[in-house]
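Beneath this line is the structure, given in structure tokens, with notes to follow.
As the structure is a computational prediction, the values presented were derived from the model and not from experiment.
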Amino acid sequence: TPIASHVSTAAAELRSEFSTDSPQTAPEAALSLHPPATRRDLALLLATAASFALGALFFADPKSLLVLMGALATNGAALSVLGLLQRASSQPWSYGGMTAPNGTQPFGPFISRNNAGGYLCICFAAAVGLLLWRVRKLLNRTATERLRGHASWTNIAFDTGVLAFATSAVVLLAGIIGTISRGSMLAAAVGTVAAVLLLAVTSRSTAYFWPVILGGAVALGF
């Protein structure tokens, strides 16, 4: 209470309403150390709740969700390529007139590598989701061909959409590794293993393990 009175005049005025003459007892804790910041944070919380509500309506259409996932995967892949090129180049990179020093980590020092890695993890999840969506769609489409004994997995492997999404996933995973953010690498690894295990259980097939292992090896090679 004394700290609030010294830090914020508004808090002191608010506390004066709870005087000793009032039937109400004065609170022991400060109501707000900085009322303007409290109002700002409440406004942000309200905007967040409104965004979730609007998102629930907008993304009720699967096409809108696919567009968002595609935008995330594309943007993340581009950012990964930028970070990998920066790491592989011996020349300084310039960002809006600011030059990054030689030997700097990707995305640094102007973007925290942990923040970049966290964002790339979100983009990586979108790319993997698109990849699985495309594969499942093709498997359902070629169900009759599988009954006839055709090698549907070969056709799926050379599908344009599958190749594009798989490439994006590999590039994104390479970018996550390139950030040298241990938390981001751990999050990507645990999330991928969990997704593959769920797929293996639901599909009763271990065929999903090999593309993941191969993609991880290629990304680590980058």
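One distance of note links OG of Ser181 with CD1 of Ile176; it measures 9.0 Å at 0.5 Å rounding. Rounding to the nearest 0.5 Å gives a distance of 12.5 Å between CG of Leu131 and CZ of Arg136. To the nearest 0.5 angstrom, Ser80 atom OG is 9.5 Å from Tyr119 atom OH. Summarising the geometry, atom CG belonging to Leu130 is positioned 11.5 Å from atom NZ belonging to Lys137; distances are rounded to the nearest 0.5 Å. Here Arg182 contributes atom CZ and Asn114 contributes atom CG; the two are 8.5 Å apart, rounded to the nearest 0.5 Å. Cys121 contributes atom SG, which lies 10.0 Å from atom CE of Met185 (distance to the nearest 0.5 angstrom).
Side-chain heavy atoms closer than 4.5 Å link hydrophobic residues (I, L, V, M, F, W, Y) into clusters, and following such links, even through other members, never connects Val128 to Leu186. Hydrophobic clustering (ILVMFWY, side-chain heavy atoms < 4.5 Å, transitive): Phe59 and Leu132 are in one cluster.
Side-chain contact between Val81 and Leu85 is present, with at least one heavy-atom pair separated by less than 4.5 Å. Taking 4.5 Å as the limit, every side-chain heavy atom of Ser184 sits out of range of all side-chain heavy atoms of Leu120.
Residues Ile122 and Leu72 come closest through the heavy atom pair CG2-CD1, 4.3 Å. Nearest approach of Ala174 to Leu84, heavy atoms of both residues: O-CD2, 3.7 Å.
Partners of Asp41 by side-chain hydrogen bond (donor to acceptor under 3.5 Å, both in side chains), not counting sequence neighbours: none found.
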What pairs of donor and acceptor atoms, side-chain ones from residues 188-202 against any protein atom, are under 3.5 angstrom apart with sequence neighbours left out?
from	atom 1	to	atom 2	distance (Å)
Thr192	OG1	Ala188	O	2.7
Thr202	OG1	Leu198	O	2.9
Thr202	OG1	Leu199	O	3.2

Show the atom names and distances, to 0.1 Å, of all donor-acceptor pairs under 3.5 Å that link a side chain in residues 160-169 to residues at least two apart or in another chain.
from	atom 1	to	atom 2	distance (Å)
Thr167	OG1	Leu163	O	2.7
Ser168	OG	Ala164	O	3.0

